[in-house]
Amino acid sequence: MEGNPLFPIFVKVDQTNILVVGGGFVGTEKVGALLKNDPRAAITIVARDISAELKQLVADKPQIRLLERPFMWDDLDGRDLLFLATDNPKLHEEIKPVAKKRGLLTNVADTPHLCDFYLGSTVKKGDLKIGISTNGKSPTLAKRIKEFLNEELPDNTQQLLDNLREIRDRLKGNLEEKIKVLDGVTEDWLKKN
Ligand SMILES: C[C@@]1(CC(=O)O)C2=NC(=C\c3[nH]c(c(CCC(=O)O)c3CC(=O)O)Cc3[nH]c(c(CC(=O)O)c3CCC(=O)O)/C=C3\N/C(=C\2)[C@@H](CCC(=O)O)[C@]3(C)CC(=O)O)/[C@H]1CCC(=O)O
Ligand SMILES: NC(=O)c1ccc[n+]([C@@H]2O[C@H](COP(=O)([O-])OP(=O)(O)OC[C@H]3O[C@@H](n4cnc5c(N)ncnc54)[C@H](O)[C@@H]3O)[C@@H](O)[C@H]2O)c1
């Protein structure tokens, strides 16, 4: 396969039932990434020990459930997405095929071959969100591209989006005519900024 075959989607994590197994460094990173995108994210965390940092991160989020005990098979019931982030790779190998059979999409810390999906590096300017993937080749490069885009994207991006929405709502005519006008309005945006 040449190039990056991953299909990007943007998930509504406030209406997704997410299970994170493991509450150490990596578990905290994954929960942090979910909450940074949407503080309403619906997450259950099950871990033998949940770190003080993770407890603090979710302290003001009543929709997050903390289960401080070892993983049990029933924990998979009703989940949509699964993150495996324990320090026990054997446990991950065991859980993954069962999760797959039950139709769950799984991300396994540090184990690309067991992942159904990867997390991307994300850039956010108001309503604009850009997801970056290097197909697992270099998360460090993804981070650098994120920093570059954060720096270079104009500060008026949200204003432009709001204006475009207004223009779009006001425009009469068929879709083709609308696209023509909206293309015209945005043509020089990045060049001017
Ligand atoms: C988006 C982000 C979210 C997150 O998960 O935090 C993310 N990694 C981030 C950072 C980061 N991760 C690592 C470093 C250290 C330096 C380096 O290795 O480059 C840095 C950089 C840093 O921290 O500066 C270590 C690492 N990561 C993976 C492996 C395993 C392997 O490659 O085999 C190892 C080696 C572990 C080891 O050797 O011990 C694997 C994955 N990491 C991914 C995502 C997926 C691919 C995304 C893509 O295609 O680009 C994938 C495949 C699976 C997944 O995790 O979903 C976040 C983006 C940065 C940001 O936005 O700030
Ligand atoms: N620490 C890093 O910088 C880093 C970076 C990339 C990948 N990794 C990998 O990610 C994995 C997790 O690393 P970490 O640093 O988060 O480890 P950690 O020791 O900080 O956390 C492990 C977590 O798993 C929980 N756990 C272990 N067995 C369990 C079970 N049976 N049921 C429920 N919870 C259980 C522990 O209680 C703890 O909360 C490791 O495989 C590691 O190699 C670590």
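Quick note: numbers below take in every heavy atom, side chains included, and nothing from hydrogens, waters or symmetry partners. Computed from a prediction, not measured in an experiment: that's the story for all the values here.
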State plainly whether the residues [X] and [Y] are in salt-bridge range, i.e. N to O under 4.0 Å.
{"X": "Glu166", "Y": "Arg170", "answer": "yes"}
{"X": "Glu147", "Y": "Arg144", "answer": "yes"}
{"X": "Asp38", "Y": "Lys12", "answer": "no"}

Please tell me if the side chains of [X] and [Y] come closer than 4.5 Å, counting only heavy atoms from C-beta onward.
{"X": "Trp189", "Y": "Asn156", "value": "yes"}
{"X": "Lys96", "Y": "Asp116", "value": "yes"}
{"X": "Gln158", "Y": "Asp162", "value": "yes"}

State whether the side chain of [X] and the backbone N or O of [Y] hold a donor-acceptor pair below 3.5 Å, judged by distance alone.
{"X": "Thr111", "Y": "Leu114", "answer": "no"}
{"X": "Asn4", "Y": "Leu6", "answer": "yes"}
{"X": "Asn17", "Y": "Asp80", "answer": "no"}
{"X": "Lys125", "Y": "Leu153", "answer": "yes"}
{"X": "Glu151", "Y": "Phe148", "answer": "no"}

Quick check on [X]: does its [atom1] atom have over 12 non-hydrogen neighbours (other residues, nucleotides or ligands) under 6.0 Å away?
{"X": "Glu53", "atom1": "CD", "value": "no"}
{"X": "Lys129", "atom1": "NZ", "value": "yes"}
{"X": "Arg165", "atom1": "CZ", "value": "no"}
{"X": "Arg69", "atom1": "CZ", "value": "yes"}

(message) Please determine whether residues Leu128 and Leu149 belong to a single hydrophobic cluster, defined as Ile, Leu, Val, Met, Phe, Trp and Tyr linked transitively by side-chain heavy-atom distances below 4.5 Å.
(response) yes
(request) Could you tell me which residues satisfy side chain to side chain donor-acceptor pair (under 3.5 Å) with Lys143, sequence neighbours excluded, listed by chain and number? (result) none
(message) To the closest 0.5 Å, what do you measure between CG (Asp87) and CZ (Phe25)?
(response) 13.5 Å
(request) May I ask you to list the residues sharing a hydrophobic cluster with Leu35, side-chain cutoff 4.5 Å, ordered by chain and number? (result) Phe7, Ile9, Val11, Val13, Ile18, Val20, Val31, Leu34, Ile43, Ile45, Ile50, Leu54, Leu57, Val58, Ile64, Leu66, Leu81, Phe83, Leu105, Phe117, Leu119
(request) Apply side chain to side chain contact (heavy atoms under 4.5 Å, CB included) to Arg48 and list each qualifying residue two or more places apart in sequence or on a separate chain. (result) Pro70
